[in-house]
Each structure stands twice: as structure tokens, then as C-alpha cells.
Amino acid sequence: MTFPPELIALLRGTVKPVALTGAGVSQESGLRTFRDAQVGLWAQYKPEDLASPEAFRRDPKLIWDWYAWRREAVKAVRPNAGHYALVEIEKLVPEFTLITQNVDGLHRMAGSNNVLELHGNIQRVRCSECYTFAETWDDDTGSVPRCKLCGGLLRPDVVWFGEALRREQLESAVEAARMCDAFFSIGTSGVVQPAASLAYAARNRGAVVVEINAEPTPLTVKANYAFQGKSGETLPELVKAVWNL
Ligand code: OAD
């Protein structure tokens with residue numbers, strides 16, 4: 001892929017870039033994106049119908065099992081070239097903030113340090129009542145494991161539809177987007193708020209907005225530059241073009 005010389009020059013001078021990532025970044029690691037069809041047993045469900053407090057209240061075992069299935073899927077995969085390109089950017093610029101909607105932990109596994117996991121992390125499990133984190137639980141009882149402290153049902157420490165994001169995380173993400181000089185939106189459909197609005201916050205404050213996504217999104221026409229492609233291919237090429245790596 002070729003990149004416009006003026007973009008390369010702009011990015012070479014960036015001191016405070018921000019990247020927002022979504023499920024597309026983990027696709028090349030072998031994880032399905034959210035709006036892909038679910039497979040097998042889960043084909044009949046939409047993620048919105050599984051990732052919500054109402055769904056958990058209605059059928060906690062179904063939701064626990066869906067996350068247990070995803071947790072196992074995540075354990076079996078490794079970061080890809082897109083994740084590693086973001087690790088490189090963090091090393092190359094004075095200040096880099098990586099904001100992710102992904103709950104898979106692959107950015108940290110790749111070596112990124114300054115990561116805001118806006119939607120939580122699937123490997124963490126906590127009580128749905130008293131918020132106590134659980135390190136171990138018994139998965140063989142045929143029902144949802146319970147908190148050892150209060151007896152409440154355990155759940156993944158992720159943000160579900162209709163739930164508020166952690167305030168400090170969101171404030172840090174908004175601040176980073178407002179203060180950045182370049183904003184990358186990578187592998188996200190850009191339809192879930194408040195994450196989707198971060199690119200616009202950056203753009204309104206004068207940052208150059210660069211999208212890398214496999215298909216067009218609502219942001220594509222608003223971004224300063226939009227590249228259609230896989231993040232695991234396009235991002236390393238961009239890093240190479242900008243920083244001569
Ligand atoms: P989506 O599944 O909505 O979008 C993934 C995007 O990645 C799509 O636009 C794909 O075209 C694109 N894509 C797929 N493969 C790609 C690749 N190899 N390289 C680049 N792009 C690729 O996932 P998110 O935008 O992350 O929230 O979804 C946002 C949030 O909605 C999720 O965090 C989750 C969800 O439902 C909660 O669970 C609260």
C-alpha cells in the first residue's frame with residue numbers, strides 16, 4: 001500500500017498519537033469480530049442479546065457459558081502483526097495512548113504498556129453483586145459459579161450494553177483523544193458509543209484522523225485519511241513508511 005507523502009510527514013512529527021482499536025485488530029489472530037456471525041451453538045444469538053445485564057438476569061448460565069467459550073478461544077490465540085506495530089509506535093513517539101474496545105488482552109500480551117481497556121478484560125471474573133474479583137472458581141457444577149464472599153453470581157469483568165464504562169478509563173480516553181495530534185481508528189465498526197465519538201473529539205481539536213479498516217464505516221468519510229485493508233498488513237506498512245523501520 002502507498003501512503004500520501006504529506007501523511008507520512010505529518011506522522012513523522014507526531015508526539016502524542018492515540019489509537020482506538022476494535023475487534024478487527026484481533027481478527028487476524030483468529031478471533032471473530034463482534035458483528036461477524038457467531039458460530040455453532042451461538043449462531044442463533046446476536047452479541048447484543050448476550051452481552052447485557054438483562055440477558056444475564058434472564059439466563060445467567062447461558063451468558064456465563066458464552067463467555068467461558070470466548071475465554072477459551074482467547075487463551076488459544078496470540079497477538080498478530082497489527083498488535084506488534086502498535087507496540088513499535090509506542091516505542092517511537094514520546095507519548096502514545098492505546099484505547100481498545102477489545103476484552104481479549106492481546107495488546108498487553110504483545111507488549112503495549114499504556115493501554116486503556118475501555119470494555120474490560122474477559123480473563124478477569126468478578127462478583128455481579130459485591131464486585132469482588134475471583135481468581136479461581138469451580139466450572140464443573142453445571143451452574144454459574146458463586147462469589148466466595150457473598151454468594152453472588154460470578155460474571156466476566158467486561159462492560160455490557162447498557163452499562164456505564166469505568167469513569168476514570170473513559171475520562172482518560174476522552175482526555176487523550178482531545179489532546180492528541182494524530183488519531184488512528186483501527187479495526188472498529190465505529191458504531192458503539194462512547195468509543196466511536198473519540199475520533200470526532202480528536203478531529204474537532206485539529207488532530208489528523210487516520211482510519212484503517214477492512215471495510216467502510218461511518219467514520220470513513222469523516223477521517224482525513226482512510227485505508228481499506230487488514231490491520232495486520234496495513235499498520236506494519238504504515239509504521240515502516242513513517243519511521244523507516
Ligand atoms: P465490530 O465487529 O463491530 O467491527 C469490527 C470491524 O473490524 C469491522 O468494521 C470489520 O470490517 C473490521 N475488520 C475485520 N477484520 C479486520 C482486519 N483484519 N483488519 C482491519 N479491520 C478488520 O467490532 P468493534 O468495533 O470492536 O462491545 O465493536 C465495538 C464493540 O461492540 C465491542 O467492543 C463490543 C461490541 O458489541 C461490548 O461488548 C460492550
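Just so you know, ligand 1 is whichever comes first in the structure, and atom 1 is the first atom listed for that ligand.
Counting only heavy atoms of the protein, atom 38 (O) of ligand 1 lies nearest to Phe34 CZ, 3.7 Å. When only non-hydrogen protein atoms are considered, atom 28 (O) of ligand 1 lies nearest to Arg35 NH1, 3.3 Å. Ranking the protein heavy atoms by distance from atom 16 (C) of ligand 1 puts Gly24 O, 3.4 Å first. Looking only at heavy atoms of the protein, atom 26 (O) of ligand 1 is closest to Ala23 N, 2.8 Å. Among protein heavy atoms, the minimum distance from atom 27 (O) of ligand 1 is reached at His119 ND1, 3.4 Å. The single protein non-hydrogen atom nearest to atom 9 (O) of ligand 1 is Asn213 ND2, 2.9 Å, given as residue, atom name and distance. Scanning the protein for heavy atoms near atom 25 (O) of ligand 1, the closest one is Thr188 OG1, 2.7 Å. Of the protein's heavy atoms, Gln101 OE1, 3.3 Å lies nearest to atom 29 (C) of ligand 1.
In this structure, the ring of Tyr225 has its center no less than 6.0 angstrom from the ring center of Phe3.
Each of the atoms 37 (C), 38 (O), 39 (C) of ligand 1 lies under 4.0 Å from some heavy atom of Val159. Near Gly229, the atoms of ligand 1 lying under 4.0 angstrom from a non-hydrogen atom of the residue are 19 (N), 20 (C). Every atom of ligand 1 is numbered from 1 in the order shown, and the set under 4.0 Å from a heavy atom of Gly22 is 26 (O). Below 4.0 Å from some heavy atom of Phe161 lie the following atoms of ligand 1, by number and element: 35 (C), 36 (O).
Considering backbone and side-chain N/O of Glu28, one or more are found under 3.5 Å from N/O of ligand 1. Considering backbone and side-chain N/O atoms, Val192 never comes within less than 3.5 Å of an N/O atom of ligand 1. The shortest N/O to N/O separation between Ala214 and ligand 1 falls below 3.5 Å. The shortest N or O to N or O distance between Glu215 and ligand 1 is below 3.5 Å.
Residues Pro145 and Asp138 fail the side-chain proximity criterion, which asks for heavy atoms closer than 4.5 Å. Within the 4.5 Å cutoff, the side chain of Val125 has no heavy atoms near those of the Asp157 side chain. In this structure the side chain of Thr132 never reaches within 4.5 angstrom of the side chain of Arg126, judged on heavy atoms.
Of the options Ser185, Ala51, Ser189, the smallest heavy-atom separation from atom 3 (O) of ligand 1 is shown by Ser189. Counting only non-hydrogen atoms, the option in Gly187, Ser231, Ser26 that gets closest to atom 5 (C) of ligand 1 is Gly187. Of the listed options Glu211, Lys46, Gln27, Gln27 places a heavy atom closest to atom 15 (N) of ligand 1.
Between Lys75 and Glu72 there is a salt bridge, since a side-chain N of the basic residue sits under 4.0 Å from a carboxylate O of the acidic one.
No donor-acceptor pair under 3.5 Å is formed between the side chain of Ser26 and the backbone N or O of Ala23. A distance-only check finds no donor-acceptor pair linking the side chain of Thr234 to the backbone of Ser231 [under 3.5 Å].
Classified by interplanar angle (parallel below 30°, tilted 30° to 60°, perpendicular above 60°), the ring pair Tyr67/Trp160 is tilted.
A single hydrophobic cluster is seen to contain both Val93 and Val208, as judged by linkage of ILVMFWY side chains at heavy-atom distances under 4.5 Å, directly or through other members. Linking Ile, Leu, Val, Met, Phe, Trp and Tyr residues whenever their side-chain heavy atoms come within less than 4.5 Å places Val74 and Phe34 in a single cluster.
Checked by atom type, the side-chain pair Glu211/Thr217 shows a donor-acceptor distance below 3.5 Å. Checked by atom type, the side-chain pair His83/Ser112 shows no donor-acceptor distance below 3.5 Å.
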